[in-house]
Amino acid sequence: MAMRRRTATLSGLLVTGLLLGFAAPPTSAEAASADNYYAAPGGSGSRCTKSAPCALTGVRDMVRSRTGAMTKDITVHLRGGAYRLTEPLSLGPEDSGQNGHQVVWAAYKNETPLLSGAKKVTGFSLHDGEKNIYRASVPVGTRSRQLFVDGVRAHRARGALDPAGFTLSGSSFTTNDASYTSFTNQDEVEVVDNNAWKHMRCPLQSITGTSTGGSSLNVSPDCFADNNTQVPNVGFPLNGSGLPKLNGVSWIENAYQLLSKPGQFYLDSSAGHVYYIPRPDEDLSSADVELPVTEQLLDLSGTPGHLAPVNNDDKRAVYSGSSWGLSGNRIAGDLGNDVKYASTNGDSVSFTFEGTGLQVLSERNPDQGDIDVYVDGVKTDTVSTVTTGPRLAQQAVASVTGLPKGTHTVKLVKTSGAYMLIDGFTVIPDVLKPVHDITFKGVDFAYTTWNQPSTSGYIDNQAGVLWDPVTHKPVRIPAAVQVHRGSRVTFTDGTFEHLGGAGIDLADGTQDSTVTGSRITDTSGGGISLGEVDDYYQTQPALMTSGDTLSDNTITHVGQEYQDAVGIWAGYTRDAVLSHNEIGYTPYSGISLGWGWGWASPYLKGISSRHGTNYAGGNQILGNHVHNHMGVLHDGGAIYTLGGQSEGGGAPSVLAGNVLSEGNNTNNMIYHDEGSSNWNTHDNVVRFGGKNWVGMWVKSIHDNNIHDNYSDNPTSLNEGTDVTLEQATIVTDGAWPQAAESVIAAAGPKARYKPRTDMVDDDSLRVAYSGSWRAAGHRGRGDYLDGVHSTDRDGDSVTITFSGTSIAFLTETSPDGGLIEVAVDGVGKGTVDAGATSTSARQTVFRSAQLNPGTHKLTLTKAGGRAMVVDGFRVTAKAEDR
């Protein structure tokens, strides 16, 4: 459903904002076709009826007792209000729909259920009158990295952006400024560095004085080393170059002494105090102040969960025979950069494990041969590891699945060929039993935190994929809603906002699941994540991420804390559909799909031996509107792809019908990066920004077909191999051909999912620019949604098509502003003047008279001054007309 403004006051929580529409009340037919149960905040009923609803866990247990004999859908009606969680609501296979039926968790009628991970903070009193710092008490030991006041994110106390005067000395940053030595709780202070495409942060170990009277900010040694070392090559597909390093200071964060601006807070966990400087319009005696303390709100987990290979030296592996050797640093793409090999027939390796299956990684090469496979002493198979093509690393040559859960031994015996190679093992610990056939409809999720960076830092790889500080294996920012090993799990008409991590994560081989018509905004991490980065080798379709759909979602203002995050991230996936989403106002890329840095490419920087396979392919990125991206970091794009697609054959992946605009620090608007292959990229509209409308910079990018696109920028880059690049239809002065106009009209969420809001940003697809316009985002000048379009040429115009009874035009008034001609529905309405003696953002210079209900057009034409600026529009309309 489309968005509307709603306010719910229940259980002491005030929630106000642009949220998604509510689930409609069930019709008589719907009610009769489902078993109905009810939950409410504070519910204490035992039968979960409408008159005596249960708590969340109570209704879950009631449903669990009924799923085994389902003859119809089960609907859990969630009454409105805040369900304050100290741990996630957990659902598993036993909570899943059965016998072809669904378990539906739905908002009750016109009410708003909110799963919240926050504690409400009250009792603020003035602590420092000179700085206007207020203080409230919280339980000693409370940990959080976020605070929200009346639904607006506060920022942890921080110093100036890109401060001058810091010098890196070893693992310390030194400065002549002595004030840092007075900081309290020094090991909770963090140094943050945005460098190229990476966002890095580390806690300090201490702050000491220097011999010259300054300060030395001594970074935690382990975190500093992790952020300054080539990331471990545990398996070549997993990592890129691993650098740049943390070697500068973008800002210093999280000290009481840094509190200086309205909207900043500081949490002193050891003393049990939260400090805050209110914004001018905030009254802390009545404000809703939310301190997130829970990291996850909903967990849907099937088995076996996450699968990751271990290297050939795992202690459970026993090698028998006289010819075994170890070959390391082979530059062949091995797991851990090494393999164990045997050259004598009859030599063997046995692996004993607890679980239900085992996958064995080897290589395929012309000099290899056959391997006999024994399971618990019984020969079950003979597999061949021979290939007539190039060497292929990390191949799942033996897959033993479906064993009864328990202790098993898999033995592999060399029977032919020059060598038998062993690269690694993946244990399948449990039977495959997805969590499945569960729907969440009209349910909101808000207020989470994620505390790991406070102790071990943020060890960035790219796009919200990190390196675990202990295992040095890839991990991701946790999401408020996690789905592990899911099947036919659906989220629709929900809101995910005010989060300390990501929004929602469909992980660990989740299949045929959807996120549709949802709003994801104001997250510290990314919006939606899909798939994994370490299951590339998978050959079992049942264990792959496949068939998932992310459509008609509005994803904005992600990466509020971790600025490498993206709107939608997908790793290794098959047959995924990412369609008709709106993604905007991101610090890094809009959509990022794929992984592997060219490992699957035979053209990887000339190293033909470093080659493997992955199961990705058949993915579709269709009809999305990605705008105002790359606001902070560099080396990304509106849509960014990585790694091979359909390398083993099959239909290519498709990138089509997208509108990509308002690129800020964007070198390639369509960015097919390392290893990107087998993409059919066509019928996209690229406008307003970017060095190249499409870019492919290295030979490992191959076999892409790029054709029938439209751009207002003629520049492109193609250094790939066997790439067909047809120049886009180049458009000037906004004169898009009808085919491009059709793409623009169709992009983004479908009408019923689009936001119902009075405000229309200058980035909206309803706004058409004619002339030599340019876009600028993330300006920090008070613009509506922090961006504008502008032109210097008289006669250039902008037209907005809207439904409503009046409209107002917002611009920036300044000494550069001048006259603007106004026309409504083609009828001139005179001129307005955007000139002023000083610069002011978000100024209303025109408001129409009352219009008849229906569709109208407002046209504004530059008629004087040095520049005309378009910031946004305010439309007055009935909700159904927006």
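These numbers come from a predicted model, not from an experiment.
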*Identify the two heavy atoms, one from Pro737 and one from Val731, that lie closest to each other, and give their separation to 0.1 Å.*
CD-CG2, 3.7 Å
*Cut-off 3.5 Å, side chains only: do Asn628 and Asn664 have a donor facing an acceptor?*
yes
*Got Asn553 and Pro749 here, is their nearest side-chain heavy-atom distance under 4.5 Å?*
no
*Distance-only side-chain donor-acceptor flag, Thr492 / Thr516, under 3.5 Å*: no
*Classify the side-chain pair Asn692/Tyr671 by whether it contains a donor and acceptor separated by less than 3.5 Å.*
no
*Report yes if some heavy atom in the side chain of Arg781 is under 4.5 Å from a heavy atom in the side chain of Val788; otherwise report no.*
no
*Side-chain contact, heavy-atom cut-off 4.5 Å: Ser592 with Ile568?*
no
_Within-4.5 Å side-chain heavy-atom neighbours: Trp679 and Ile621_ = yes
*Which residues satisfy the salt bridge (charged side-chain N to carboxylate O under 4.0 Å, His left out) test with Asp825, sequence neighbours excluded?*
none
*salt bridge (Lys or Arg N to Asp or Glu O under 4.0 Å): pairs with one or both residues in residues 842-870, sequence neighbours excluded*: Asp794-Lys862, Asp816-Arg866
_Test side chain to side chain contact (heavy atoms under 4.5 Å, CB included) on Phe873 and Val767; report intermediate values, then the result._
CA-CA 10 Å; Phe873 305 87; Val767 181; 3.9 Å; yes
*Would you say Asp833's side chain and Gly835's backbone share a donor-acceptor pair under 3.5 angstrom?*
yes
_Residue of the set Lys750, Arg752, Arg519 for which salt bridge (Lys or Arg N to Asp or Glu O under 4.0 Å) holds with Asp552_ = Lys750
_Spacing of Thr523 atom OG1 and Ile555 atom CD1 [to the nearest 0.5 Å]_ = 9.0 Å
*Are side-chain heavy atoms of Asp762 and Tyr769 found at a separation under 4.5 Å?*
yes
*For Trp773, which of Arg687, Arg793, His789 qualifies under side-chain contact (heavy atoms from CB on, under 4.5 Å)?*
His789
*Check salt bridge (charged side-chain N to carboxylate O under 4.0 Å, His left out) between Glu282 and all other residues, then give those that pass, not counting sequence neighbours.*
Arg279
_Within this structure, what is the CG-CG distance for the pair Asn194 and Asp162, rounded to the nearest 0.5 Å?_
8.5 Å
*Say whether, by atom type as modelled, one donor and one acceptor occur between the side chain of Thr521 and the main chain of Thr556 under 3.5 angstrom.*
yes
*When rounded to the nearest 0.5 angstrom, what is the spacing between CD1 in Ile639 and CG in Leu655?*
4.5 Å
*Test log, rule side chain to side chain contact (heavy atoms under 4.5 Å, CB included), inputs Val760 and Phe802*: CA-CA 9 Å; Val760 180; Phe802 65 99; over 6 Å; no
*For the pair Tyr753 (side chain) and Asp493 (backbone), establish whether a donor and an acceptor sit closer than 3.5 Å, ignoring hydrogens and angles.*
no
*Output yes when a side-chain donor or acceptor of Gln843 lies under 3.5 Å from a complementary backbone atom of Ala841, and no otherwise.*
yes
*Answer whether the closest heavy-atom distance between the side chains of His778 and Asn665 falls below 4.5 Å.*
no
*Can you measure from CD (Glu290) to CG (Asp150) and round to the nearest 0.5 angstrom?*
9.5 Å
*Indicate yes or no for a side-chain donor-acceptor contact from Asn709 to the backbone of Thr681 under 3.5 Å, with no hydrogens or angles considered.*
yes
*Go through the structure and list residues passing ring pair (Phe, Tyr, Trp, His ring centres under 6.0 Å) with His155, not counting sequence neighbours.*
none
*Of the non-hydrogen atoms in Ile477 and Ala502, which two are nearest, and what is the gap between them?*
CG2-N, 3.9 Å
*asked:* Can you give me the closest heavy-atom contact between Tyr640 and Ser589, atom names plus distance?
replied: CB-OG, 4.1 Å
*Is there side-chain contact between Leu785 and Met759, with heavy atoms separated by less than 4.5 Å?*
no
*asked:* Taking Ala735's backbone N and O only, do any of them form a donor-acceptor pair with Asp733's side chain (distance below 3.5 Å, no angle check)?
replied: no
_Residue pair Ser806 / Ser848, side-chain donor-acceptor N/O under 3.5 Å_ = no
*What are the two closest non-hydrogen atoms of Thr641 and His672, and how far apart are they?*
OG1-ND1, 2.8 Å
_Backbone of Gly777 reached by a side-chain donor or acceptor of Asp786 within 3.5 Å_ = no
*Could you state the interatomic distance from CZ (Arg766) to OG1 (Thr799), rounded to the nearest 0.5 Å?*
14.0 Å
*asked:* Can you confirm if the aromatic rings of His627 and Tyr585 lie within a centre distance of less than 6.0 Å?
replied: yes
*Would you mind telling me which of Leu550, Thr549, Asp548, Asn581 makes a side-chain contact (heavy atoms from CB on, under 4.5 Å) with Val515?*
Leu550
*Between Phe491 and Phe440, what is the ring plane arrangement, given parallel below 30°, perpendicular above 60°, and tilted in between?*
parallel
_Closest non-hydrogen atom pair between Leu78 and Pro113, with its separation_ = CB-CB, 3.6 Å
*asked:* I need the single residue from Thr859, Val824, Leu858, Leu860 that forms a side-chain contact (heavy atoms from CB on, under 4.5 Å) with Lys829. Which is it?
replied: Val824
_Looking at Leu499, is its backbone amide N or carbonyl O close enough to the side chain of Arg153 to form a donor-acceptor pair, meaning the two atoms are under 3.5 Å apart?_
yes
*Please check if any side-chain donor atom of Ser772 sits under 3.5 Å from a side-chain acceptor atom of Asp792, or the reverse.*
no
*Would you name the heavy atoms of Val686 and Trp736 that are closest together and state the gap between them?*
O-CH2, 3.7 Å
_Is it true that Ser524 and Glu561 share a donor-acceptor pair across their side chains at a distance under 3.5 Å?_
yes
*Under a 4.5 Å cut-off applied to non-hydrogen side-chain atoms, are Asn684 and Met669 in contact?*
no
*Does any N or O in the side chain of Asp712 come within less than 3.5 Å of the main-chain N or O of Phe688, such that one atom is a donor and the other an acceptor?*
yes
*Does a donor on one side chain and an acceptor on the other come within less than 3.5 Å for Gln146 and Thr449?*
yes
_Side-chain donor or acceptor of Asp683 paired with backbone N/O of Gly657 under 3.5 Å_ = no
_Any residue meeting side chain to side chain donor-acceptor pair (under 3.5 Å) with Thr805, in chain and number order, not counting sequence neighbours_ = none
*Stepwise, does the side chain to side chain contact (heavy atoms under 4.5 Å, CB included) test hold for Ile706 with His682?*
CA-CA 6 Å; Ile706 302 168; His682 64 91; over 6 Å; no
*Can you tell me how far the OG atom of Ser116 sits from the CG atom of Asp444, to the nearest 0.5 Å?*
11.0 Å
*Under 3.5 Å, is there a donor-acceptor pair linking the side chains of Asp522 and His498?*
yes
*Under the side chain to side chain contact (heavy atoms under 4.5 Å, CB included) rule, what do Trp693 and Leu660 come out as? Steps first, then yes or no, please.*
CA-CA 9 Å; Trp693 71 265; Leu660 313 176; over 6 Å; no
*Tell me, please, which residues at least two apart from Glu662 pass salt bridge (charged side-chain N to carboxylate O under 4.0 Å, His left out).*
none
